[in-house]
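Let me begin by presenting the structure, written as structure tokens, before commenting on it.
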Amino acid sequence: MVELNTTVAIIGAGPSGLLLSQLLANAGIDSVIIERSSKNHVLGRIRAGVLEWGTVETLKDAGVSERCFAEGLPHDGFDLFFNGERHRVDVSHYTGKQVMVYGQTEMTKDLIEQREAEEQSIFWSTPDAQLLDVDGNNPKVSFTNVDGKPVTLNAKIIAGCDGFRGISRQAIPQEKLREFERVYPFGWLGVLVDKPPLHHELIYANHQEGFALASMRSNTRSRYYVQCDNGDIVDDWTIDQFWSALITRLGPELGPKVQTGDPLEMSIAPLRSYVAEPMRYGRLFLAGDSAHIVPPTGAKGLNLAVADVRRLARAIERWKLKGADAALEDYSKEALNRVWKVERFSWYLSTMLHQFPEHSAFEKRMQEAEFSYVKSSEAATKSIAENYVGLPF
Ligand code: RFL
Ligand code: PHB
């Protein structure tokens with residue numbers, strides 16, 4: 001058996017785990033990352049596209065923002081499109097800040113490169129990790145290394161950064177955990193294509209046939225989504241059906257401007273709101289998707305993960321300096337305070353912008369009235385802008 005020691009054992013090499021290890025390393029705190037999947041798999045995942053300015057600043061403070069500033073696209077606002085009516089949310093005007101279009105895939109690549117350059121210990125392709133003694137002061141992670149040898153990793157803290165389907169949340173006894181969940185009756189079918197974007201900003205559209213989103217990764221690469229039925233799989237859709245749905249939902253003015261092509265990637269994501277309380281059990285701390293999920297409509301999941309990680313890194317730094325657990329105690333309460341506000345915004349935008357099969361004529365009128373109000377109200381538009389650009393970290 002191999003025995004290893006570290007201060008922080010990090011489960012998961014997604015954006016949460018990688019960024020946490022970077023922030024800790026910058027503060028002189030050692031960590032070991034254990035990741036279920038291979039490095040290539042992690043590098044190949046296509047997910048988020050919009051970074052809040054607080055996220056960009058965190059990457060800058062962490063020393064991993066060079067390519068993000070060089071290649072990212074700063075955006076001043078976005079469009080809401082509702083049954084053919086268009087309303088621009090001028091985020092910069094209302095908040096003085098921008099958002100940055102920069103793919104999670106690129107951010108992950110930057111973080112992996114930096115962690116590897118600094119010789120971070122990362123165990124890739126390790127699917128059998130188990131958390132032990134998480135309620136004591138000497139928690140452990142056991143797993144099998146690539147040579148097939150059993151490893152025990154002794155830590156002082158375990159950071160559960162292993163996403164919604166990871167093991168960390170499950171290590172918290174059921175009676176200590178409260179879960180809050182809403183599963184939406186639809187998903188998003190996404191397509192990545194090497195064609196210039198339809199428009200220089202994002203367009204979120206609610207059409208009677210369903211939601212559509214026109215996003216991008218660069219000036220030559222577009223990312224589009226359409227609402228699909230719950231339970232749909234990618235094979236249920238041909239690419240022609242996808243383009244046809246997208247063009248219809250974007251309306252007669254914008255739809256025909258979409259430059260279609262062969263997809264680089266096509267995938268379906270279900271939509272869910274979920275929060276686990278608390279985000280701490282003993283010396284185990286949850287961060288990012290392991291603790292909460294938001295529907296992607298507000299572009300918040302990755303940003304919320306970054307906000308958690310920044311808070312957790314600071315708490316661990318204080319704990320290390322003072323040697324007392326008191327520094328760790330507020331993490332869950334403070335993180336959840338922000339989490340619920342972001343859950344609210346993502347739920348609100350999702351509710352306004354999708355077609356719900358169970359909606360009655362009354363609820364459809366409510367959606368119309370909501371959009372009409374937002375369109376006519378500076379206060380409502382400013383509120384959307386303030387949330388979209390990101391609440392204070
Ligand atoms: P991740 O990215 O899921 O990473 C968790 C990592 O843990 C590993 N893992 C394990 N490792 C070891 N042992 C185990 N037992 C393990 N189980 C799991 C996994 O392999 C993985 O590598 O969680 P993290 O780091 O918290 O990051 C969260 C973000 O990935 C997520 O919130 C965003 O992608 C959500 N999201 C968006 N967020 C935004 O802020 N802006 C957006 O524009 C945005 N668009 C999106 C999105 C998510 C989407 N999908 C696919 C759900 C668009 C989509 C379509
Ligand atoms: C994306 O580009 O993938 C994207 C953008 C905005 C969202 C969700 C996803 O709200």
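Note that ligands are numbered from 1 as they come in the structure, with each ligand's atoms numbered from 1 the same way.
Considering only non-hydrogen protein atoms, atom 31 (C) of ligand 1 sits nearest to Asp289 OD2, 3.3 Å. Protein heavy atom in closest approach to atom 26 (O) of ligand 1: Ser16 OG, 2.7 Å. Among all non-hydrogen protein atoms, the one lying nearest atom 39 (C) of ligand 1 is Leu302 N, 3.2 Å. Looking only at heavy atoms of the protein, atom 18 (C) of ligand 1 is closest to Asp162 O, 3.1 Å. Protein heavy atom nearest atom 3 (O) of ligand 1, with residue, atom name and distance: Arg47 NH1, 3.1 Å. Looking from atom 8 (C) of ligand 2 to the surrounding protein, the closest heavy atom is Pro296 O, 3.3 Å. When only non-hydrogen protein atoms are considered, atom 4 (O) of ligand 1 lies nearest to Gly14 CA, 3.5 Å.
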**Item:** side-chain hydrogen bond (donor to acceptor under 3.5 Å, both in side chains) assessment of Gln355 paired with Asn206
**Value:** CA-CA 7 Å; Gln355 292 292 323; Asn206 186 353; 3.0 Å; yes

**Asked** After noting the C-alpha distance and the side-chain angles of Glu363 and Ser360, does the key distance pass the side-chain hydrogen bond (donor to acceptor under 3.5 Å, both in side chains) rule?
**Response** CA-CA 5 Å; Glu363 282 145 333; Ser360 66; 3.2 Å; yes

**Request:** With side chain to side chain contact (heavy atoms under 4.5 Å, CB included) as the test, would you mind laying out the steps for Leu349 and Lys300 before giving the verdict?
**Result:** CA-CA 11 Å; Leu349 263 197; Lys300 291 289 155 219; over 6 Å; no

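The atoms of ligand 1 that sit less than 4.0 Å from any heavy atom of Val50 are 41 (N), 43 (O). Under a 4.0 Å criterion applied to the non-hydrogen atoms of Thr297, ligand 2 contributes the atoms 10 (O). Listed by number with element, the atoms of ligand 1 under 4.0 Å from a non-hydrogen atom of Gln104 are 2 (O), 29 (C), 30 (O), 33 (C), 34 (O). Atoms of ligand 1 lying under 4.0 Å from any heavy atom of Cys161, numbered from 1 in the order shown and given with element: 5 (C), 6 (C), 7 (O). Heavy-atom proximity to Val50, at under 4.0 Å, picks out these atoms of ligand 2: 5 (C), 6 (C). Taking every heavy atom of Ala48 and a limit of under 4.0 angstrom, the matching atoms of ligand 1 come to 34 (O), 36 (N), 37 (C), 38 (N), 39 (C), 41 (N), 42 (C), 43 (O), 44 (C), 45 (N), 47 (C). Heavy-atom proximity to Ile34, at under 4.0 Å, picks out these atoms of ligand 1: 11 (N), 12 (C). Shown in contact with Arg47 at under 4.0 Å from a heavy atom are these atoms of ligand 2, numbered in order with element: 3 (O). Counting atoms of ligand 2 from 1 in the listed order, those under 4.0 Å from a heavy atom of Leu202 are 5 (C), 6 (C). The contact set between ligand 1 and Ser37, taken as ligand atoms under 4.0 Å from a residue heavy atom, comprises 20 (O). Close approach to Ile167 involves these atoms of ligand 1, each under 4.0 Å from a residue heavy atom: 15 (N). Taking a cut-off of under 4.0 Å to the non-hydrogen atoms of Tyr225, the atoms of ligand 1 that pass are 53 (C), 55 (C).
Distance alone, capped at 3.5 Å, places no donor-acceptor pair between the Asp262 side chain and the Val193 backbone. Between the Asp133 side chain and the Gly136 main chain, no donor and acceptor come within less than 3.5 Å of each other. At distances below 3.5 Å, not a single donor-acceptor pair connects side-chain atoms of Arg217 with backbone N or O atoms of Val101. Not a single donor-acceptor pair under 3.5 Å links the side chain of Ser350 to the backbone N or O of Thr297. Using modelled atom types, no side-chain atom of Gln227 and backbone atom of Gly210 make a donor-acceptor pair closer than 3.5 Å. For the pair Ser290 (side chain) and Ala287 (backbone), a donor-acceptor distance under 3.5 Å is present. Of the possible donor and acceptor atoms, one in the side chain of Asp90 sits under 3.5 Å from a partner among the backbone N and O of His93. Distance alone, capped at 3.5 Å, is enough to place a donor-acceptor pair between the Asn26 side chain and the Ala62 backbone. For Ser372 (side chain) and Glu368 (main-chain N/O), no donor-acceptor pair under 3.5 Å exists by modelled atom type. Checked by atom type and distance alone, the side chain of Thr58 pairs as donor or acceptor with a backbone atom of Gly54 at under 3.5 Å.
Ligand 2 is never approached by Phe78 to a heavy-atom distance shorter than 4.0 Å. For Leu213, the closest heavy-atom approach to ligand 2 falls below 4.0 Å. Residue Gly190 places no heavy atom under 4.0 Å from ligand 1. Residue contacts with ligand 1 do not include His41, since none of its heavy atoms lies under 4.0 Å from the ligand.
Polar contact check, Glu35 against ligand 1: a nitrogen or oxygen pair lies under 3.5 Å apart. Checked by distance only, ligand 1 and Arg223 stay at 3.5 Å or farther apart across all their nitrogen or oxygen atoms. Considering both main-chain and side-chain atoms, Asn303 comes within under 3.5 Å of ligand 1 through a nitrogen or oxygen pair. Residue-to-ligand polar distances place Arg217 within reach of ligand 2: an N/O pair is separated by less than 3.5 Å. For ligand 1, one of its N or O atoms has an N or O atom of Gly301 under 3.5 Å away. Considering backbone and side-chain atoms alike, Ile11 places every N or O at 3.5 Å or more from each N or O of ligand 1. When only interatomic distances are considered, the shortest N/O to N/O separation between Arg45 and ligand 1 falls below 3.5 Å. At a 3.5 angstrom cut-off on N or O pairs, Gly49 counts as close to ligand 1. Looking at ligand 1, you'll find an N or O of Arg36 within less than 3.5 Å of one of its N or O atoms. Any N or O atom pair closer than 3.5 Å counts here, and Ala269 shares no such pair with ligand 1. The N/O atoms of Trp188, backbone and side chain alike, include none that comes under 3.5 Å of an N/O atom in ligand 1.
The part of Trp188 lying near ligand 2 is the side chain, judged by heavy-atom distances below 4.0 Å. When non-hydrogen atoms are compared, ligand 2 lies under 4.0 Å from the side chain of Ser215 (C-beta onward) but not from its backbone.
Applying side chain to side chain contact (heavy atoms under 4.5 Å, CB included) to Thr105 and the options Leu192, Ile46, Val42 leaves one that passes, Ile46. Under the ring pair (Phe, Tyr, Trp, His ring centres under 6.0 Å) rule, Tyr388 has a single partner from Tyr348, Phe78, Tyr94, which is Phe78.
The neighbour count for Trp237 CH2, taken as heavy atoms of other residues, nucleotides or ligands under 6.0 Å away, is above 12. Environment of CG in Asp147: crowded, with over 12 heavy atoms of neighbouring residues, nucleotides or ligands closer than 6.0 Å. Around atom CD of Gln174, no more than 12 heavy atoms belonging to other residues, nucleotides or ligands sit under 6.0 Å away.
One hydrophobic cluster, built from ILVMFWY side chains closer than 4.5 Å, holds both Ile112 and Phe123.
Taking the ring axis of Phe180 as reference, the NZ or CZ atom of Arg182 does not stay both within 45° of it and closer than 6.0 Å to the ring centre.
Here His354 and Phe211 bring their ring centres to under 6.0 angstrom of each other.
Nearest-heavy-atom check against atom 7 (C) of ligand 2 across Tyr204, Tyr388, Tyr225 picks out Tyr204.
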